[in-house]
Amino acid sequence: MTTPVRVRFAPSPTGHLHIGGVRTALFNWLFARHHGGQFVLRIEDTDASRSTEESIDEILASMKWLGLDWDEGPFRQTERQSIYKEKVDQLLREDKAYPCFCTAEELDRKRKEAQSKGLKPKYDGTCRNRSDKPEGVPFVTRFKAPLEGAVTIHDLLRGNVVFQNEELDDLIILRSDGTPTYNFVVVVDDGGMGITHVIRGDDHLSNTPRQALLYDGLGMPRPKFAHISMILGADKTRLSKRHGATSVLAYRDMGYLPDALINYLARLGWSHGNQEIFTRQEMIQNFSLENVTTSAAVFNPEKLKWLNQQYIQNAAPLDLACQLEPFLIKEGILSENHGLSAEKIAKPIPSLNQRAETLVEMAPKSTFYFKEKLEFDEKARDKFLNADIKPHIEKLIVAINEMDNLEHDSMEKLFKQVAEEAKLKLGKLAQPVRVALTGGTASPGIYDVVLLLGKTTTLKRLTESVDFIEKRG
RNA sequence: GUCCCCAUCGUCUAGCCUGGCCCAGGACACCGGCCUUUCACGCCGGCGACGCGGGUUCGAAUCCCGCUGGGGACGCCA
């Protein structure tokens, strides 16, 4: 019998949940779901000075928005202090840890000195064999790491990675204020929580030997490790604010669909043949660490945009309507208490969804449909609504007025007939009508616009444009 | 500086493990054309890569070594 897979995502709540973090979460989630295992969420808030509640809220909101559901947690390390304390005591008892009285300043000085000499800036072991315990002097607790030998990490993605123990030093596991540090709690937690696979960013690879030693020291079996590559900005440096939006919620606010973001991030480093677009089910079914690359990937906003467009095009109108609604409100196209049904909002979507890459872009394009009063593009109105076109618009008014119900085919027939009689190319008729009905020169197909607006509104707007032409003289 | 990781079109990638099917395939972007009532969508075509140098082999993008380049780590941050 094989042990069930158990993975975790362990962000630190010190800022926004960013793109890189989400991809790590996603790979863990996919791995868990693929294997029918469990996905644990753990908040690494051991740094009291930098962790914030807002950040935790944002992490949870981001995960929910993306649909990355977790099976256990969120656990918070600040609530697990007694567990860490116990483990530190265990190490102390077994002489695998010791107090260190060196001051931060001292350490800092030595580090710089070593570095300037071209040496590895590691702890020199001053307190390692010190037997006296000065009273009232603050101290940290260090893990006593082996001086010789080597640690081999069996990385699922990279194979064996060997680190010489002499490259490592005695890391601090307890700060002078008594709180535990990351490298220690991560081991205690992953071990204690029965995590089977640690899938995390490449930047943790060099921490892994220290952690492996800690597992050994604590008498816990090491989990399997898989270090995925990092996401870089266009300049090939680690993705950061400098590269523009990196927080997940910023993408939500820019009108990206969660499915599109997930799909994009999944394809950053993972592939399944030549397939670009995946449903979640397909991702889960096909996900495998074997198809994850080890080289770093540059984040490409253009491709994300394209994917978002694909998702917008293919989304169910009703579903998209729900996602579009907040943007309509934000843009002032609908009021907060518009009282419209999802069906009503969904109505123009089939004619709009081929024309927008983001929801932010889509919202204003629907103004003509939602707003009672048209906002005209002045230049367009001056150019297209003139005396020449007036009689033809009037002809349309008469004809449409006689129709019982508007249909695409009959509308097309009517427009073509009127254009022909006027010896105009269809576009010469359609464009002024478009301006009259939508206020601008770019819109869905003109017959769709008429159908969307309905008989009453269409006639009203056409009549208003005739009035406008008369007034301008 | 030291250690570790990585290296296919501008970008994401397939192929690499199990050499020949690859004078390297797909996608985004870009360029050109078609479609067309506007804007788009769509369709067709084009541009474009195995970092360099050595080996191994009948044969290397694929295996080995070196170099170069990029990234990461070296905190009482995570």
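Throughout, a chain's letter reflects where its sequence line sits, starting with A, and its residues are numbered from 1.
The separation between Leu157(A) atom CG and C6(B) atom C1' is 12 Å, rounded to whole Å. Straight-line distance from the CG atom of Asn160(A) to the P atom of C17(B): 19 Å, rounded to whole Å. For Asn165(A) and C3(B), the CG to C1' distance is 13 Å, given to the nearest whole Å. Following rounding to the nearest Å, Trp306(A) (CH2) and U11(B) (P) show an atom-to-atom distance of 19 Å. Per the geometry, CG belonging to Asp177(A) stands 12 Å off P belonging to C76(B), to the nearest Å. The CZ-P distance, from Phe368(A) to C39(B), rounds to 16 Å in whole Å. For the pair Asn274(A) CG and A24(B) C1', the computed distance is 12 Å after rounding to whole Å. Rounded to a whole Å, the CG atom of Asn207(A) is 7 Å from the C1' atom of A73(B).
Inspection of the Ser288(A) and His272(A) side chains reveals no N or O donor paired with an N or O acceptor under 3.5 Å. Using a 3.5 Å distance cut-off with no hydrogens or angles, the side chains of Asn308(A) and Thr358(A) do not pair a donor with an acceptor. There is no side-chain donor-acceptor pair under 3.5 Å between His227(A) and Asp202(A). For the residue pair Asp47(A) and Ser49(A), a side-chain donor N or O sits within less than 3.5 Å of a side-chain acceptor on the partner. For the 3.5 Å distance criterion, the side chains of Thr208(A) and Arg200(A) qualify, holding a donor opposite an acceptor. Side-chain N/O atoms of Ser247(A) and Lys241(A) include no donor and acceptor closer than 3.5 Å.
Residue Thr46(A) is in sugar-phosphate contact alone, with no base atom involved, counting any heavy-atom pair closer than 4.0 Å across all strands shown. Heavy atoms of Gln164(A) sit nowhere under 4.0 angstrom from any nucleic acid atom. Among the atoms of the strands shown, none is found under 4.0 Å from any heavy atom of His227(A). In this structure, Thr441(A) reaches the bases: a heavy-atom distance under 4.0 Å links it to at least one base atom across the strands shown. Contact annotation for Gly440(A): no contact, since no heavy-atom pair falls under 4.0 Å across all strands. Contacts of Thr293(A) with the nucleic acid, taken as non-hydrogen atoms under 4.0 Å apart, involve only primed sugar atoms and P, OP1 or OP2. Thr294(A) comes within contact range of the sugar-phosphate backbone alone, with a heavy-atom separation under 4.0 Å but no base atom that close. Residue-level contact check: Gln310(A) touches the backbone only, with heavy atoms under 4.0 Å from sugar-phosphate atoms and none from bases. Looking at heavy-atom distances under 4.0 Å, Phe299(A) makes no contact with the nucleic acid at all. Among the atoms of the strands shown, none is found under 4.0 Å from any heavy atom of Pro11(A). Counting non-hydrogen atoms under 4.0 angstrom, Glu276(A) reaches a base of the nucleic acid. Across all strands, Val162(A) comes closer than 4.0 Å only to sugar-phosphate atoms, never to a base (heavy-atom distances).
The partner of G51(B), taking Watson-Crick or G-U wobble pairs whose two distances both stay under 3.5 Å, is C67(B). The nucleotide C3(B) finds its pairing partner in G72(B), both defining distances of the Watson-Crick or G-U wobble pair being shorter than 3.5 Å.
Side-chain N/O atoms of Asp202(A) and base N/O atoms of G72(B) include no donor-acceptor pair closer than 3.5 Å. Between the base of C76(B) and the side chain of Ser176(A) there is a donor-acceptor pair shorter than 3.5 Å. A donor N or O paired with an acceptor N or O is not found under 3.5 Å between the base of A78(B) and the side-chain atoms of Asp203(A). Judged by atom type and distance alone, Arg158(A) does not reach the base of C5(B) through any side-chain donor-acceptor pair under 3.5 Å.
Between G10(B) and C6(B), the distance separating the two P atoms is 23 Å to the nearest Å. The gap from the P atom of C65(B) to that of C76(B) amounts to 36 Å, rounded to the nearest Å.
For Pro121(A), counting side-chain heavy atoms from C-beta on, the closest listed nucleotide (A78(B), U38(B), G1(B)) is G1(B). Side chain of Leu268(A), nearest nucleotide from C39(B), C4(B), C12(B): C12(B). For Gln354(A), the listed nucleotide lying nearest its side chain is C41(B); candidates were C41(B), U38(B), C28(B). Out of G1(B), A29(B), U37(B), the shortest distance to the side chain of Glu302(A) is found at A29(B). Considering only the side chain of Asn300(A), U11(B) comes nearest among U11(B), A78(B), A40(B). When distances are taken from the side chain of Val298(A) to each of U13(B), U11(B), U37(B), the shortest belongs to U11(B). Comparing atom distances between the Arg267(A) side chain and each of C76(B), G26(B), U37(B) picks out G26(B) as nearest. Side-chain proximity of Ala297(A) to the nucleotides U38(B), G42(B), C12(B) is greatest for C12(B). Side chain of Leu205(A), nearest nucleotide from C5(B), U37(B), A73(B): C5(B). Side-chain proximity of Gln431(A) to U37(B), G26(B), C39(B): nearest is U37(B).
Dense packing is recorded around CD of Glu106(A), with more than 12 heavy atoms of other residues, nucleotides or ligands lying under 6.0 Å away. More than 12 heavy atoms of other residues, nucleotides or ligands shown are found within 6.0 angstrom of NZ on Lys144(A).
RNA chain B is contacted by both Lys365(A) and Ser229(A); Ser229(A) maps to the nucleotide lying nearer its 5′ end (nearest heavy atom per residue). Comparing Ser12(A) and Tyr123(A), the nucleotide of RNA chain B nearest to each residue sits closer to the 5' end for Tyr123(A).
Salt-bridge formation is not detected for the pair Asp409(A)/Lys413(A): no Lys NZ or Arg NE/NH1/NH2 atom is positioned less than 4.0 Å from an Asp or Glu carboxylate oxygen. At a threshold of 4.0 Å, the pair Arg42(A)-Glu44(A) counts as salt-bridged, since one of the basic side-chain nitrogens sits closer than that to a carboxylate oxygen. Salt bridge Asp89(A)/Lys85(A): present, at least one basic N to carboxylate O contact under 4.0 Å. Electrostatic pairing of Asp169(A) and Arg142(A) does not count as a salt bridge here, judged by no charged N lying under 4.0 Å from a carboxylate O. A salt bridge links Arg76(A) with Glu53(A): at least one charged nitrogen is closer than 4.0 Å to a carboxylate oxygen.
Of the residues in residues 230-240 of chain A, those placing a heavy atom less than 4.0 Å from an atom of RNA chain B are Met230(A), Lys236(A), Thr237(A), Arg238(A), in numerical order. For the segment residues 104-111 of chain A, residues with any heavy atom less than 4.0 angstrom from an atom of RNA chain B are, sorted by number, Ala104(A), Arg111(A).
The phosphate of A78(B) (OP1 or OP2) has no side-chain N or O of Gln211(A) nearer than 4.0 angstrom. Here Ser206(A) does not reach the OP1 or OP2 of C74(B): none of its side-chain N or O atoms lies under 4.0 Å away. Distances shorter than 4.0 Å separate none of the side-chain N or O atoms of Gln275(A) from OP1 or OP2 on A27(B).
Distance CG/Asn207(A) to OH/Tyr182(A): 6.0 Å, rounded to 0.5 Å.
Classified by its glycosidic torsion, C41(B) falls in the syn category, the angle being within 90° of 0.
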